[in-house]
Amino acid sequence: MEKRNLRVVKWLGTTPAVGVCTFCDRLFNVPMTALKKVSDAQESLRVQFTEHKCKRPDAS
Ligand SMILES: [Zn+2]
């Protein structure tokens, strides 16, 4: 079972701008259009995080 979390690594004021998956270190960038509203930015990150597939370089 995968255990992964989304962590915000870059903020623009109170708006999350860049998130990272703690499992595979994949970065997620919030598009400019979603940065205008905190809720849009959060939703964008959440959707990207939920839909990505973790890739581990050392997966066997
Ligand atoms: Zn991941």
Side-chain angles (χ1 to χ4, degrees):
M1 279 263 277
E2 289 178 2
K3 256 200 169 178
R4 60 184 194 177
N5 283 296
L6 174 64
R7 184 171 54 188
V8 178
V9 292
K10 188 178 177 187
W11 296 82
L12 291 177
T14 56
T15 307
V18 181
V20 65
C21 173
T22 57
F23 189 81
C24 69
D25 286 337
R26 166 117 180 233
L27 288 172
F28 308 100
N29 291 289
V30 176
M32 288 297 290
T33 50
L35 285 173
K36 292 171 188 167
K37 276 178 66 179
V38 173
S39 56
D40 285 353
Q42 287 173 336
E43 179 68 8
S44 173
L45 280 181
R46 203 175 56 77
V47 169
Q48 292 182 70
F49 174 73
T50 302
E51 291 182 347
H52 92 285
K53 286 199 171 74
C54 288
K55 275 191 208 167
R56 302 194 76 184
D58 60 346
S60 52

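We count ligands from 1, going down the list as the structure has it; atoms in each ligand are counted the same way. Just the heavy atoms: all of them, side chains too, but no hydrogens, waters or symmetry mates, feed the values below.
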* To do: May I ask you to test the Arg7-Cys21 pair for a side-chain heavy-atom distance under 4.5 Å?
  => no
* Do Ser44 and Gln48 meet the criterion of a side-chain donor-acceptor pair at a distance under 3.5 Å? -> yes
* Return the set of residues passing side chain to side chain donor-acceptor pair (under 3.5 Å) with Gln42 (not counting sequence neighbours), or none when no residue passes. => none
* Asked: Should the pair Arg4 and Phe49 be classed as cation-pi, given the thresholds of under 6.0 Å to the six-membered ring centre and 45° from the axis?
  -> yes
* Using a cut-off of 2.8 Å, find all protein N, O or S atoms closer to the Zn ion (ligand 1) than that distance. => Cys21 SG, Cys24 SG, His52 NE2, Cys54 SG
* To do: Look at the side-chain heavy atoms of Ile, Leu, Val, Met, Phe, Trp and Tyr, link any pair under 4.5 Å apart, and say whether Val8 and Val20 land in one connected group.
  => no
* Pairwise side-chain contact, Leu6 with Phe28, heavy-atom cut-off 4.5 Å (strictly under) -> yes
